[in-house]
Amino acid sequence: MSEFFSIFHQIILKTGFLQIQFGHLIMWGIALLFIYLAIKKNFEPLLLLPIGFGILIVNLPLVPLMGFSEGPEGMQRDLLRWFYDFGIANELIPCLIFLGIGALTDFGPMIANPKTIILGAAAQLGVYVTFFGALLLGFNMKEAASIGIIGGADGPTCIYLTAKLAPQLLGANALAAYSYMAMVPLIQPPIMRLLTTEEERKIKMKQLRRVSKTEKIVFPLVGTVIVCLIVPPAAPLVTMLFMGNLFRESGVVERLKGVAQNELLNIVTIFLGVSIGATMSAEKFLHPQPIFVFILGLVAFAFSTVGGVLMAKIMNLFLKEKINPLIGSAGVSAVPMAARVSQVEGQRADRHNFLLMHAMGPNVAGVIGTAMAAGLFLIMLG
């Protein structure tokens with residue numbers, strides 16, 4: 001009988017129940033919040049649902065998911081460690097996501113109205129404001145750069161830059177970037193209404209000109225050459241973005257376009273989400289540094305929104321055909337969420353105002369702008 005109780009005691013010790021700590025409970029709550037926002041509020045469910053599940057499972061005590069386990073041939077990676085090491089730490093997944101984004105993106109609105117490129121550049125204000133803010137809080141320059149890029153509202157670029165400059169912040173930075181991307185409809189509208197008058201929100205813009213197929217094919221080719229020559233370190237992201245777009249616009253590789261838009265993008269999104277969530281163990285997350293990252297990430301998003309809106313207002317001082325300042329907020333590269341927010345806010349002021357296509361110009365310009373900002377940081381600090 002004593003032997004039975006001894007075996008039973010050993011079994012109990014090897015379960016996770018006796019290892020649960022208060023930090024695990026906190027992280028379970030955060031995981032359930034992400035899952036709730038994904039399912040109930042429909043906030044970017046393709047991202048928040050796997051991220052939330054990843055946070056939950058990595059905070060179950062003793063689970064062999066994100067570390068290394070003893071195997072027949074020595075220490076071997078656990079399941080999610082494979083996803084992380086060969087998909088995120090080596091920047092493969094961010095580049096594949098950019099391929100899918102390129103295949104999904106229509107650069108026509110930006111080509112039709114090149115002035116919106118200025119708005120996409122202005123919306124990078126949050127990147128640089130947060131960079132200096134992080135320095136003041138004691139982060140080193142590489143860490144500050146990786147935190148600042150959160151302001152670009154571009155999760156893959158944030159992961160790409162952080163993996164190169166400050167891999168110790170990868171989990172916190174990526175989680176902040178994707179969390180705030182999902183909450184763009186909550187963060188941006190109050191700032192947009194604060195910075196604009198009702199008359200400005202009612203400004204109607206002329207219908208965009210039709211962009212020819214030739215222009216759409218030439219753009220990714222020229223864009224690749226120009227951006228890669230200006231900021232060579234951004235090449236892995238930018239070349240994948242423009243190659244995906246060339247698949248889309250060429251009209252001769254429907255199978256490749258379809259794979260990039262659907263199967264490939266969906267697969268890497270699963271790996272990305274659960275791997276990012278799995279980096280957020282209680283031992284790593286419940287410290288002041290990740291909390292500062294989340295606060296700075298919010299500051300970055302806010303200033304990026306401010307930069308785009310104010311630049312549109314400044315441009316209106318010199319333009320005969322006025323720009324609705326609401327589209328400036330779409331200069332953050334959360335495609336197409338930020339553009340939809342501009343549309344919704346415009347229609348709140350005037351239900352006959354249609355800003356979506358106009359907002360897509362600065363929105364896709366922001367994608368390129370954030371990648372270039374990351375490349376600039378890599379030139380300076382890499």
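Along the sequence shown, residues are numbered consecutively beginning with 1. We use all heavy atoms of the structure for the numbers below, so side chains are in, but hydrogens, waters and symmetry mates are not.
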Derivation of the ring pair (Phe, Tyr, Trp, His ring centres under 6.0 Å) call for Phe242 and Phe219 = CA-CA 9 Å; Phe242 285 136; Phe219 176 78; 5.7 Å; yes
Take Phe301 and Met181 through the side-chain contact (heavy atoms from CB on, under 4.5 Å) test and state the conclusion after the steps.
-> CA-CA 9 Å; Phe301 264 66; Met181 281 175 62; 4.1 Å; yes
Does the side chain of Leu32 come within less than 4.5 Å of Tyr36's, by heavy atoms?
-> no
Leu99 and Leu241: side-chain contact (heavy atoms from CB on, under 4.5 Å), yes or no, with the steps?
-> CA-CA 5 Å; Leu99 177 67; Leu241 176 73; over 6 Å; no
Counting N and O atoms only, with roles assigned by atom type, does the side chain of Gln188 sit under 3.5 Å from a partner on the main chain of Pro185, one being a donor and the other an acceptor?
-> no
Leu104 backbone acceptor or donor facing Arg248 side chain under 3.5 Å = yes
From Met27 atom CE to Leu60 atom CG, the distance as rounded to the nearest 0.5 Å | 11.5 Å
Should we say atom CZ of Phe292 is surrounded by more than 12 heavy atoms from elsewhere, each under 6.0 Å from it?
-> no
Does any N or O in the side chain of Thr130 come within less than 3.5 Å of the main-chain N or O of Gly133, such that one atom is a donor and the other an acceptor?
-> no
Please indicate whether Phe294 has more than 12 foreign heavy atoms, meaning atoms of other residues, nucleotides or ligands, lying under 6.0 Å from its CZ.
-> yes
Worked verdict on Asn173 versus Ser146 for side-chain hydrogen bond (donor to acceptor under 3.5 Å, both in side chains) | CA-CA 7 Å; Asn173 283 6; Ser146 70; 3.1 Å; yes
State the CD1-CD1 distance between Ile35 and Ile30, to the nearest 0.5 angstrom.
-> 12.0 Å
Between Leu376 and Val231, what is the shortest heavy-atom contact and its length?
-> N-CG1, 4.0 Å
Side chain of Asn353, backbone of Ile203: donor and acceptor closer than 3.5 Å?
-> yes
Are Leu37 and Val341 connected, step by step, through hydrophobic side chains (Ile, Leu, Val, Met, Phe, Trp, Tyr) whose heavy atoms are closer than 4.5 Å?
-> yes
Between Tyr160 and Ile149, is a side-chain contact (heavy atoms from CB on, under 4.5 Å) present by the stated rule, with each step listed?
-> CA-CA 10 Å; Tyr160 178 80; Ile149 208 69; over 6 Å; no
Between Thr162 and Leu169, is there a donor-acceptor pair closer than 3.5 Å when you use the side chain of the first and the backbone of the second?
-> no
Rounded to the nearest 0.5 Å, what separation is found between the CD1 atom of Ile150 and the OG1 atom of Thr157?
-> 12.0 Å
Can you tell me how far CG of Leu326 sits from NZ of Lys202, rounded to the nearest 0.5 angstrom?
-> 12.5 Å
Of the non-hydrogen atoms in Pro232 and Pro236, which two are nearest, and what is the gap between them?
-> O-CD, 4.4 Å
Please indicate whether Lys284 has more than 12 foreign heavy atoms, meaning atoms of other residues, nucleotides or ligands, lying under 6.0 Å from its NZ.
-> no
Exam field: side chain Ser333 to backbone Gly152, donor-acceptor pair closer than 3.5 Å = yes
Is any side-chain heavy atom of Ile97 closer than 4.5 Å to a side-chain heavy atom of Leu272?
-> yes
Taken in chain and number order and not counting sequence neighbours, the residues that satisfy side-chain hydrogen bond (donor to acceptor under 3.5 Å, both in side chains) with Asn324 are none
In short, Pro94 meets Pro156 closest at the heavy-atom pair CB-O, 3.4 Å
Taking Gln343 for its side chain and Leu355 for its backbone only, find out whether a donor-acceptor pair lies under 3.5 Å.
-> yes
Donor-acceptor pair, Glu249 side chain versus Lys216 backbone, under 3.5 Å?
-> no
Just checking, any donor-acceptor pair under 3.5 angstrom between side chains of Lys115 and Asn113?
-> yes
What pairs with Phe83 under ring pair (Phe, Tyr, Trp, His ring centres under 6.0 Å), at least two apart in sequence or on another chain?
-> Phe271
Can you name the residues that form a ring pair (Phe, Tyr, Trp, His ring centres under 6.0 Å) with Phe86, not counting sequence neighbours?
-> Trp82
Does any donor atom in the side chain of Gln124 or Thr370 lie under 3.5 Å from an acceptor atom in the other side chain?
-> yes
Decide yes or no for Leu119 and Met315: does some side-chain heavy atom of the first lie under 4.5 Å from some side-chain heavy atom of the second?
-> yes
Kindly work out whether a path of hydrophobic side-chain contacts (I/L/V/M/F/W/Y, heavy atoms less than 4.5 Å apart) joins Ile117 to Ile111.
-> yes
Rounded to the nearest 0.5 Å, how far does OH of Tyr178 lie from CD1 of Ile276?
-> 7.0 Å
Please confirm whether the backbone N or O of Leu80 pairs with a side-chain atom of Asp78, one donor and one acceptor, at under 3.5 Å?
-> no
Intermediate values then yes/no, side-chain contact (heavy atoms from CB on, under 4.5 Å), Leu356 and Ser342 = CA-CA 7 Å; Leu356 182 61; Ser342 299; over 6 Å; no
Side chains of Ile20 and Leu25 in contact at under 4.5 Å (non-hydrogen atoms) = yes
Hydrophobic cluster identity match, Phe247 and Leu221, side-chain contacts under 4.5 Å = no
Would you say the side chain of Phe131 lies within less than 4.5 Å of the side chain of Leu135, judging by non-hydrogen atoms?
-> yes
From OH (Tyr84) to CD1 (Ile93), nearest 0.5 Å | 11.0 Å
Sort out for me which residue in Ile230, Val227, Ile368 forms a side chain to side chain contact (heavy atoms under 4.5 Å, CB included) with Val238.
-> Val227
Any side-chain heavy-atom pair from Arg81 and Phe68 closer than 4.5 angstrom?
-> yes
Count the heavy atoms of every other residue, nucleotide or ligand shown that sit under 6.0 Å from CZ of Arg210, and state whether that count exceeds 12.
-> no
Nearest non-hydrogen partners of Ala177 and Gly155, listed with the distance | CB-CA, 4.3 Å
Search all heavy atoms of Pro50 against all heavy atoms of Pro45 and return the closest pair with its distance.
-> CD-O, 3.6 Å
Kindly check if the number of other-residue, nucleotide or ligand heavy atoms within 6.0 Å of CZ (Phe43) is above 12?
-> yes
Treating Ile, Leu, Val, Met, Phe, Trp and Tyr as nodes and any side-chain heavy-atom pair under 4.5 angstrom as an edge, say whether Leu378 and Ile226 lie in one connected cluster.
-> yes
Could you tell me whether Asp350 and Arg201 make a salt bridge, using a distance below 4.0 angstrom between a side-chain N and a carboxylate O?
-> no
Is the backbone N or O of Leu195 less than 3.5 Å from a side-chain atom of Lys313, with the two atoms forming a donor-acceptor pair by type?
-> yes
List the steps, then state whether side-chain hydrogen bond (donor to acceptor under 3.5 Å, both in side chains) holds for Glu143 with Gln168.
-> CA-CA 9 Å; Glu143 291 172 338; Gln168 70 276 14; 2.8 Å; yes
Is it possible for you to say whether Leu92 and Leu79 belong to one hydrophobic cluster, with membership spreading through side-chain heavy-atom contacts below 4.5 Å?
-> yes
Please report the closest heavy-atom contact between Asn140 and Lys142, naming both atoms and the distance.
-> OD1-N, 3.1 Å
Answer yes or no: is there a side-chain heavy-atom contact under 4.5 Å between Leu165 and Met141?
-> no
Taking the side chain as C-beta and beyond, is there a heavy-atom pair between Phe53 and Leu48 under 4.5 Å?
-> no
Ion pair check, Lys322 and Glu199, cut-off under 4.0 Å | no
